[in-house]
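Here the structure is laid out as structure tokens; the discussion comes afterwards.
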Amino acid sequence: MRGSIPQGQTHLLGTPRRNTWCGLAFELVCLEHLPQIKQALGISGVVTHAHSWRCKANPDGGISGSQIDLLIARQDRVIDICEMKYASTDYAMTKAYDQKLRGKAEDFRRATKARDAIHMVLITTYGLTQNAYSGRFQSVVTAEDLLAQASVPY
């Protein structure tokens, strides 16, 4: 039958392997839709440079080592640190992940000596569950935003 899951492949549903694949695929979709991300953030007309970023641990410099999915360095002196999270429902921020994001932002600031304002952005499939830690994000971009027609090319 066309379009059905091949016999014997249903054992992959809900496994860490499949979840990892979904997360990586979602990140690729996000990276291919930068104009839509900028539009959702309201910065379509701002000159930007977008890239991923990582640094190795440097205990002497107070850097624990971090990887950032997407940085959008804006001409208006704001840096959007974008965290991409695939989830099958609204993403629920946890205390542990809040601390991890704080560490990423601090590593970035220390390693680059950036003085621009830093905004945390969540890019996720459906949205963000409001809880004690959801305030970490200044903006949330959803899959619906990614599929919107971008008005200005990057």
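The first residue of the sequence shown is numbered 1, and numbering continues consecutively from there.
Here NZ of Lys85 is found 11.5 Å from SG of Cys30. Values are rounded to the nearest 0.5 Å. Cys82 contributes atom SG, which lies 11.5 Å from atom NE2 of His119 (distance to the nearest 0.5 angstrom). Rounded to the nearest 0.5 Å, atoms CD1 (Ile68) and CD1 (Ile79) are 9.0 Å apart. To the nearest 0.5 Å, atom OH of residue Tyr97 and atom CZ of residue Arg102 are 14.0 Å apart. Rounded to the nearest 0.5 angstrom, Lys104 NZ and Asp69 CG are separated by 5.5 Å. Here Arg136 contributes atom CZ and Ile81 contributes atom CD1; the two are 10.5 Å apart, rounded to the nearest 0.5 Å.
Test Ile123, Thr124, Leu128 against Phe137 for side-chain contact (heavy atoms from CB on, under 4.5 Å) and you get one pass: Leu128. Each of Leu41, Ile37, Val141 was scored for a side-chain contact (heavy atoms from CB on, under 4.5 Å) with Asp80, with one residue passing: Leu41.
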Report the C-alpha separation of Arg109 and Ile118 in whole Å, then their side-chain angles, then the decisive distance to 0.1 Å, and conclude whether the side-chain contact (heavy atoms from CB on, under 4.5 Å) test is met.
CA-CA 9 Å; Arg109 208 175 268 294; Ile118 292 179; 3.4 Å; yes
Audit row: Lys38, Ile43, side-chain contact (heavy atoms from CB on, under 4.5 Å) steps and yes/no
CA-CA 5 Å; Lys38 288 177 62 173; Ile43 59 168; 3.9 Å; yes
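In terms of hydrophobic clustering, with Ile, Leu, Val, Met, Phe, Trp and Tyr side chains grouped at heavy-atom distances under 4.5 Å, Leu146 and Leu122 are assigned to different clusters. One hydrophobic cluster holds both Trp53 and Met120 under the rule that ILVMFWY side chains link at heavy-atom gaps under 4.5 Å.
The closest side-chain heavy-atom distance from Thr94 to Tyr133 is not below 4.5 Å. Using a 4.5 Å heavy-atom threshold, the side chains of Tyr91 and Ser134 count as separate. In this structure the side chain of Leu24 reaches within 4.5 angstrom of the side chain of Thr20, judged on heavy atoms. At least one side-chain heavy atom of Met93 sits under 4.5 Å from a side-chain heavy atom of Leu101. Leu70 places a side-chain heavy atom less than 4.5 Å from the side chain of Ile72. Counting heavy atoms from C-beta on, the side chains of Val121 and Glu83 never come closer than 4.5 Å.
Checking Asp107 against Ser64 by side-chain atom types alone, a donor-acceptor pair falls below 3.5 Å.
In this structure, Gly103 and Ser66 approach most closely via the heavy-atom pair O-OG, 4.0 Å. Taking each heavy atom of Leu34 and Ala50 in turn, the nearest pair found is CD2-CB, 3.5 Å.
Every residue was checked against the ring pair (Phe, Tyr, Trp, His ring centres under 6.0 Å) condition with Tyr86, not counting sequence neighbours, and none meets it.
The number of heavy-atom neighbours closer than 6.0 Å to OH of Tyr126, taken from other residues, nucleotides and ligands shown, is 12 or below. Within 6.0 Å of atom NE2 in His49, 12 or fewer heavy atoms from other residues, nucleotides or ligands are found, so the atom counts as exposed in its surroundings.
Salt-bridge formation is detected for the pair Glu106/Arg110: a Lys NZ or Arg NE/NH1/NH2 atom is positioned less than 4.0 Å from an Asp or Glu carboxylate oxygen.
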